[in-house]
Every structure is written in structure tokens, then in C-alpha cells.
S.K.: 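Here it is, the structure, as C-alpha cells.
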There are 2 protein chains.
Amino acid sequence: MSKARIVATVVEILDAEGETALTFRSLAARLATGAGAIYWHVANKEELLTAATDDVVAGVMAGVTLDAGPRDVIRAIALGTFDAIDAHPWVGAQLARSPWQYAMLQIFEGLGGQLHRLGVPEDAQFAAGSALLNYVLGVAGQNAANARRVPPDTDRAAFLDDVADAWTRQDPAKYPFLHRIAGEMRDHDDREQFLAGIDLILAGIGTLGSPEPSPDGPAER
Amino acid sequence: MSKARIVATVVEILDAEGETALTFRSLAARLATGAGAIYWHVANKEELLTAATDDVVAGVMAGVTLDAGPRDVIRAIALGTFDAIDAHPWVGAQLARSPWQYAMLQIFEGLGGQLHRLGVPEDAQFAAGSALLNYVLGVAGQNAANARRVPPDTDRAAFLDDVADAWTRQDPAKYPFLHRIAGEMRDHDDREQFLAGIDLILAGIGTLGSPEPSPDGPAER
DNA sequence: ACCTGAACACCGTTCAAGT
DNA sequence: ACCTGAACACCGTTCAAGT
């Protein structure tokens with residue numbers, strides 16, 4: 001048995017039955033072995049989750065083409081991550097809770113690596129990259145949490161209505177904003193909304209740049 | 001015994017010994033009772049964490065003065081949340097994993113409630129508010145994760161050096177961004193960096209607004 | 001109405017013993 | 001070198017029995 005096969009089985013279990021279904025006993029049963037055998041290849045459960053997340057994120061990053069405008073590359077990486085978390089909610093949970101693991105560095109470099117092409121001054125790149133990363137991780141965590149909380153067969157529209165209904169049940173004098181946006185909540189598209197947030201941060205980053213485009217990457221749009 | 005006393009004790013344990021130390025057995029021992037007694041007041045552990053988080057966030061929101069410019073109010077709420085998570089890392093973890101709980105609605109309303117004062121069109125407020133919220137939640141999750149991973153007595157400068165060293169150990173051709181920002185990583189201030197992200201999103205939001213300030217809140221700055 | 005505490009059904013992890 | 005599987009030290013949660 002190889003670590004690669006163990007990790008592949010971990011991904012299978014997580015995808016098919018969710019995070020609660022992954023135990024050393026279930027994993028060992030699936031691999032037709034004992035729990036101790038797994039511990040020979042891996043230090044603990046955390047390493048299992050980390051390796052599985054690295055696998056998925058590596059797949060995402062491999063699918064991103066870097067020869068586009070910097071904003072489009074950032075959008076592609078962000079959306080790729082979003083879609084991966086949508087398909088594998090446990091990836092979102094893992095990204096949100098394990099800082100500076102390999103998968104996160106990949107995303108951070110991918111997003112931040114475009115900033116000099118946008119003309120962002122070097123001393124603002126750390127802040128700008130962190131803003132993008134933290135936004136992505138925030139959404140990742142929320143999506144994962146929602147997937148955990150809501151039964152898999154729940155109707156999406158009904159779920160959104162429930163949330164919006166809870167908002168409009170609040171006192172309008174104390175929660176005017178929630179009342180104002182409840183309608184939009186009911187029929188928003190998660191993916192579109194996510195991208196709007198990325199574009200908002202990109203717009204903010206645009207105000208940081210020097211007026212002239214950087215030599216190796218003309219600003220598009 | 002009241003639920004309020006139980007929750008107060010939960011906060012004590014979480015603050016003093018961290019998330020792993022909170023069990024029904026430790027809590028019952030501290031309250032000089034049996035585990036079953038707690039279940040009479042509370043449905044499960046999740047409710048314990050939620051109630052404790054609500055308590056802390058309510059304290060934060062009560063401390064924010066709303067009679068300032070909209071950007072300053074947003075900064076105050078974001079920083080208040082940041083500081084609360086810094087003082088109680090478990091709050092960050094809980095916020096990151098439990099969507100639409102009371103505490104999160106408070107923060108969402110607090111942040112989003114300022115958007116019309118900034119002249120953000122109604123149909124862009126949901127996206128703008130979500131961007132702010134998700135950024136805050138992303139940072140919350142990362143800080144909580146760091147606090148969990150790093151021993152409490154670790155020297156901060158040494159920790160940052162370790163992370164930055166790991167970055168510079170990567171291949172510079174594949175990770176140019178990480179190399180570029182490693183220096184900034186070593187001596188950045190978390191709080192300042194967090195606020196820079198908020199200001200970046202605010203700058204992006206500024207590009208959405210109508211040119212003239214809204215009637216009930218002149219744009220400052 | 002509220003508390004007690006043993007019992008149940010699990011966990012992750014370890015480790016002597018095998019091959 | 002790698003696997004086995006029982007055992008250890010926990011968990012959250014339930015529930016009959018108490019007051």
C-alpha cells in the first residue's frame with residue numbers, strides 16, 4: 001500500500017460521505033487492512049487531510065492558464081479554487097483551518113504573482129495579495145460550513161429563502177441592511193457573487209497602482 | 001445553574017486552556033455537577049460554542065460608536081472583531097465554521113449598514129457587504145488556525161521568520177511573489193495589515209458609488 | 001423541574017506481535 | 001520493512017434514577 005493510494009481513498013470517502021465519515025476505521029476497512037497500517041505511512045489524521053487537500057488544489061492550479069491578462073489570471077485562480085471547494089466542501093474547511101500549508105502557498109503565489117503585472121508597488125503587494133487570499137479563504141470556510149450544515153439534497157432556492165426569511169423576521173429598525181439585501185439573497189448566484197467580490201478587491205488594488213502600466217504586463221480592461 | 005453561568009464558564013475554559021480543553025467532562029467538573037446537567041440547559045456542544053461566540057461578539061458591537069463617518073464605522077467594527085479574535089482565538093474558529101449564526105449577522109449588518117451612506121447602489125450592497133464580511137471571516141479563520149498550531153509562548157518574530165524562511169527556501173523561479181514579500185512578512189503588523197485589506201476593499205467599493213454623496217451621509221476623506 | 005453519573009457508541013493513536 | 005488488530009485513553013450524548 002502506498003501513501004498515494006491511501007490519500008486517493010481518503011478523497012473518495014470525503015467526497016462520497018463527507019468529513020464525519022472519514023475515520024481510521026472506515027479508511028482501514030476500505031483498504032482492507034488495519035488502522036495501524038495507515039499509521040506506518042502517515043503521522044496522523046491531519047496529514048491525511050492536508051495531503052488530500054494538496055492533491056485537489058494541485059489539480060486546480062495545473063488547470064489555470066497563466067498567459068492571460070493579470071486580472072483574468074487572478075479570476076481564473078479564484079474561480080478554480082471556488083469550484084474545487086464547491087465540488088469538495090472539505091477542501092474549504094481544510095484550507096480555512098490550516099495556515100501556510102502547501103496548497104495555500106500555491107494559491108497565494110498564484111494570486112499574488114500577478115500583482116507586479118498590475119503595477120502594484122512592491123511594498124503594497126503583501127497587503128494586496130493577503131486581501132485576495134483572505135477573501136478566498138473566507139468564502140471557502142463559509143461554503144464548507146454551509147455544506148456541512150445543510151443536508152446534501154436540500155433545494156438551494158428553499159435554503160436561500162430560509163436564510164432571507166430569517167433576516168426579514170428581524171427588527172427592520174435594527175437590521176435595515178439585512179432587509180435591504182434579503183431580496184438579492186434569495187436569487188443570487190454564489191459563483192457570480194464570489195467573482196463580484198474579487199472584482200471589488202481588484203478595483204481597490206487598481207487604485208494602488210502607478211498610473212502607467214508595468215513594463216511586462218499592460219493593464220487590460 | 002443557569003445557561004448564562006454555563007456559557008460564562010465555557011468562555012473561561014476556552015480562554016484559559018483552548019478549544020481542546022473544552023469537554024463536557026471538564027465543564028461539568030468546573031461546575032461541580034454531572035455532564036447530564038449541562039444537557040438539560042443546552043442541546044449539544046455546538047450550542048455551547050455558538051452562545052459563547054455570541055457573547056463575545058455582542059460585547060464587541062456594543063463598544064462600537066456609530067456616529068462617525070461610514071468608513072470609520074466599518075473600520076471600527078472590523079478592528080473590534082479582529083481584536084476579539086486575537087484575544088479569543090476560538091471565536092475566529094467558530095465564526096469561520098458556523099454561517100448565519102447570530103454573531104455573524106451582527107457583524108454583517110454592522111459592516112453592510114454603512115454602505116448606503118457611502119453611496120453604494122442598492123443592487124451592489126449585497127456584494128460589497130459580502131466582500132467585507134468574507135474578508136473578515138477569512139482573517140478570523142487564519143488567526144484562529146495559527147493560534148491553534150503555534151504554542152502560546154512562541155516568539156512572534158521567530159514565528160514570522162520561520163514562515164518567511166520557508167518561503168525563501170522555495171524555488172525563486174516558481175515562487176517569485178513569495179520571495180518578493182518575504183521581507184515584509186518578517187516585520188509586518190497583523191493588525192495594520194488587516195486594516196490595509198479593509199481599506200483596499202473600501203477603495204474598491206468607492207469605485208461603485210455615485211459621484212455625489214448620498215443625502216444622509218456625506219462621504220468623508 | 002432539574003440534577004446525577006453510569007453506560008453507550010464511538011473516536012484517534014499506540015504497540016506488541018506477526019510476516 | 002511493513003502489516004495486524006487488540007488495547008488505551010479518551011470523546012459527545014443518552015437515560016434511568018434520583019430530588
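Lettering of chains follows the sequences in order, A, B, ..., and the numbering in each one begins at 1.
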S.K.: Would you be so kind as to tabulate the donor-acceptor pairs closer than 3.5 Å made by side chains of residues 90-97 of chain A, with sequence neighbours excluded?
M.R.:
| unit_1 | atom_1 | unit_2 | atom_2 | d |
| --- | --- | --- | --- | --- |
| A:Trp90 | NE1 | A:Asp15 | OD1 | 2.8 |
| A:Gln94 | OE1 | A:Arg97 | NE | 3.1 |
| A:Gln94 | OE1 | A:Arg97 | NH2 | 3.3 |
| A:Arg97 | NH2 | A:Glu19 | OE1 | 3.1 |

S.K.: Which ranges of DNA chain D pair up as stems, where a stem means three or more consecutive Watson-Crick or G-U pairs with both distances under 3.5 Å?
M.R.: C:4-8 with D:12-16, C:12-16 with D:4-8
S.K.: Over all strands shown, is A:Leu22 touching base, sugar-phosphate only, or nothing at heavy-atom distances under 4.0 angstrom?
M.R.: sugar-phosphate
S.K.: Measure CH2/A:Trp40 against P/D:dA1 and give the value in whole Å, please.
M.R.: 7 Å
S.K.: Nearest to the B:Arg25 side chain among C:dC2, C:dT13, D:dT13, which nucleotide is it?
M.R.: D:dT13
S.K.: Starting at atom CG of A:Leu49, determine the distance to atom P of C:dC11, rounded to an integer number of angstrom.
M.R.: 15 Å
S.K.: Starting from P on C:dC11, measure out to CG on A:Leu27 and report it in whole angstrom.
M.R.: 12 Å
S.K.: Looking only at atom C1', what distance separates D:dA16 and C:dC3, rounded to whole Å?
M.R.: 13 Å
S.K.: Could you check how far CG of B:Leu48 sits from P of D:dC11, rounded to whole Å?
M.R.: 15 Å
S.K.: For the pair A:Arg75 and A:Asp199, find out whether any cationic side-chain nitrogen is under 4.0 Å from an anionic carboxylate oxygen.
M.R.: yes
S.K.: Among C:dG12, D:dA1, D:dT14, which nucleotide sits nearest the side chain of B:Tyr39?
M.R.: D:dT14
S.K.: Salt bridge between A:Asp165 and A:Arg186, side-chain N to carboxylate O under 4.0 Å?
M.R.: yes
S.K.: With a 4.0 Å cut-off on N to O distance, would you call A:Arg191 and A:Asp86 a salt bridge?
M.R.: no
S.K.: Please report, rounded to the nearest Å, how far the P atom of D:dG12 is from the CD atom of B:Glu19.
M.R.: 12 Å
S.K.: So does B:Arg30 pair up with B:Glu17, basic N to acidic O under 4.0 Å?
M.R.: yes
S.K.: When the distance from CG of A:Asn44 to C1' of C:dT14 is rounded to whole Å, what number comes out?
M.R.: 13 Å
S.K.: Could you state the atom-to-atom distance from CD1 of B:Ile6 to C1' of C:dC2 in whole Å?
M.R.: 11 Å
S.K.: When you get a sec, tell me which of C:dC11, D:dT13, D:dC3 is the closest nucleotide to the side chain of B:Lys45?
M.R.: D:dT13
S.K.: Counting only side-chain heavy atoms from C-beta out, which of D:dT13, C:dG12, D:dC3 sits nearest to A:Ala37?
M.R.: D:dC3
S.K.: With nearest nucleotides of DNA chain C determined for A:Gly36 and B:Gly34 from heavy-atom distances, which residue corresponds to the more 5′ nucleotide?
M.R.: B:Gly34
S.K.: For A:Glu47, enumerate each residue passing the side-chain hydrogen bond (donor to acceptor under 3.5 Å, both in side chains) test, keeping only those at least two apart in sequence or located in another chain.
M.R.: A:Lys3
S.K.: Between CZ of B:Phe82 and CD1 of B:Ile198, what distance do you get to the nearest 0.5 Å?
M.R.: 10.5 Å
S.K.: Measure NE2/A:His41 against P/D:dA1 and give the value in whole Å, please.
M.R.: 13 Å
S.K.: Where the side chain of A:Thr23 is defined as all heavy atoms beyond and including C-beta, which of D:dC3, D:dC11, C:dC11 is the nearest nucleotide?
M.R.: C:dC11
